There are 2 protein chains.
Amino acid sequence: MGKVTRRERERQRHRREILAAAQDLFSRKGFDRTSMAEIADRAEFAVGTLYKLFEDKQALYRALILDTVREFEAALSAALNARGSEIEKLERYIETKADLFVRHIPTARLYFGQTAAAQCAPTVGLDRAARALYEKVLDRLESLFRAGIRRMLFVEVEPKMLALGLEGISNAFLPALVERPDDFSADEMAALTKKIFFGRVSLKAE
Amino acid sequence: MGKVTRRERERQRHRREILAAAQDLFSRKGFDRTSMAEIADRAEFAVGTLYKLFEDKQALYRALILDTVREFEAALSAALNARGSEIEKLERYIETKADLFVRHIPTARLYFGQTAAAQCAPTVGLDRAARALYEKVLDRLESLFRAGIRRMLFVEVEPKMLALGLEGISNAFLPALVERPDDFSADEMAALTKKIFFGRVSLKAE
DNA sequence: GACAGCCGTGAACCATCATTCATATTATGT
DNA sequence: ACATAATATGAATGATGGTTCACGGCTGTC
């Protein structure tokens with residue numbers, strides 16, 4: 001009973017095509033300002049077809065967000081769990097994130113929207129599971145900072161706050177990247193982030 | 001011909017009441033998920049009245065955003081133009097912003113939504129004028145960094161990027177603040193921001 | 001080659017608002 | 001007190017867009 005029939009493969013391909021169309025539209029115009037008809041148009045299907053593959057608009061959105069956050073979470077968690085000192089892990093985290101941002105701008109927009117922005121307006125963040133995945137990354141960051149502080153690699157600051165601060169900086173350049181994608185390389189972005197976060201901006205002694 | 005008749009004063013008071021109701025709803029649920037009827041209800045007016053005071057829903061929103069951003073811009077620009085060295089000005093900027101955030105959380109949410117988040121999804125930022133005001137703050141930050149670098153107060157990094165980085169960190173704690181408002185004082189938030197941005201997080205020599 | 005089941009289709013349906021406007025209410029001037 | 005102008009009201013209107021479903025075609029099976 002081979003479940004992987006041609007039918008099923010086609011079905012999954014269509015599903016992916018719809019998600020791709022939706023990603024572009026949702027990331028540029030947001031959930032409410034994107035209609036099912038538009039998504040169907042762009043994906044070259046009829047509206048009805050979307051409803052064959054997804055319960056409703058919310059479910060389609062959720063699936064997309066979940067895919068997006070899962071992809072990011074996987075890459076970022078891998079970076080955070082690689083070998084090396086706390087600092088090296090965090091540096092790899094920064095590099096990985098910059099790379100993801102530069103390489104997949106629409107995905108990055110969605111990721112940022114769901115993590116940073118949505119935290120301030122809970123009603124906007126439409127998904128529970130995605131949130132949980134992001135929390136996992138935050139927790140991992142926090143515990144790395146905690147360990148780093150214990151080993152005297154970092155200053156003594158609430159580790160949770162350090163994690164949020166790092167998130168803040170590593171997201172900071174995304175708007176600029178969105179506006180002029182060609183002016184940024186992942187390496188530059190990562191270097192800048194590391195310099196500001198780990199180095200010191202001020203030259204005066206404290 | 002005293003223009004400041006009772007009628008006119010009442011009118012303005014009603015206007016403010018409507019804006020106050022709208023602020024709470026928009027900041028919590030966003031533009032699309034807030035209906036004119038809801039705003040009218042909360043403000044204890046009829047829908048028609050909203051249309052006597054505002055052209056349409058967009059205009060009401062624009063007025064609100066403009067008020068919000070204007071308020072922030074005024075306070076932040078004042079901080080950036082006060083006496084003192086570049087570092088002192090920036091420190092005052094950080095303190096002022098933290099204070100605004102802690103004191104006016106709904107306003108802060110709107111501000112953040114319109115500045116940081118909206119930059120990534122241009123269609124979301126519904127207002128031109130508000131954007132321009134924020135750009136003014138960014139430009140001022142940038143030129144402060146530029147001057148500071150010339151005077152060897154800061155490391156040599158693209159000043160624009162330093163400005164974005166500072167924005168990133170000073171926004172970073174807002175989500176935490178929104179979630180548990182009582183756990184944060186403006187002073188703590190400002191101190192943390194300064195420590196991460198101006199000080200150094202890493203203890204190892206570079 | 002006929003039959004059954006799956007797929008895709010898009011017109012039709014319905015709920016949700018933004019917006020309007022005829023009417024009711026209140027304030028102002030005489 | 002009366003006339004008049006300004007203001008507030010909320011039911012009615014129309015547009016938008018999510019969702020459904022009856023239909024026609026295609027695929028794989030016997």
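Chain letters run A, B, ... following the sequence lines, proteins first and then strands; every chain starts at 1. For clarity, every value in this text was computed on a predicted model and none was experimentally measured.
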>> Quick test of your reading: applying side-chain hydrogen bond (donor to acceptor under 3.5 Å, both in side chains), list the pairs with at least one residue in residues 63-72 of chain A, sequence neighbours left out, ordered by first then second residue.
In response: none

>> Quick test of your reading: applying ring pair (Phe, Tyr, Trp, His ring centres under 6.0 Å), list the pairs with at least one residue in residues 164-195 of chain B, sequence neighbours left out, ordered by first then second residue.
In response: none

>> Once ring pair (Phe, Tyr, Trp, His ring centres under 6.0 Å) is applied, what residue pairs with a partner in residues 65-98 of chain B remain, sequence neighbours excluded?
In response: B/F72-B/Y111

Length of the line joining [X]:[atom1] and [N]:[atom2], which is rounded to integer Å:
X	N	atom1	atom2	answer
B/E10	C/dT26	CD	P	14 Å
A/D41	C/dG8	CG	P	17 Å
B/E8	C/dA27	CD	C1'	15 Å

>> Please encode protein proximity along nucleotides 8-27 of chain D as a string of B, S and -, counting only heavy-atom distances under 4.0 Å.
In response: BBB------SSBB------B

>> Run the side-chain hydrogen bond (donor to acceptor under 3.5 Å, both in side chains) test against A/D183 and tell me which residues pass, sequence neighbours left out.
In response: A/R180

>> If the condition is side-chain hydrogen bond (donor to acceptor under 3.5 Å, both in side chains), which residues does B/R103 pass it with, not counting sequence neighbours?
In response: B/D99

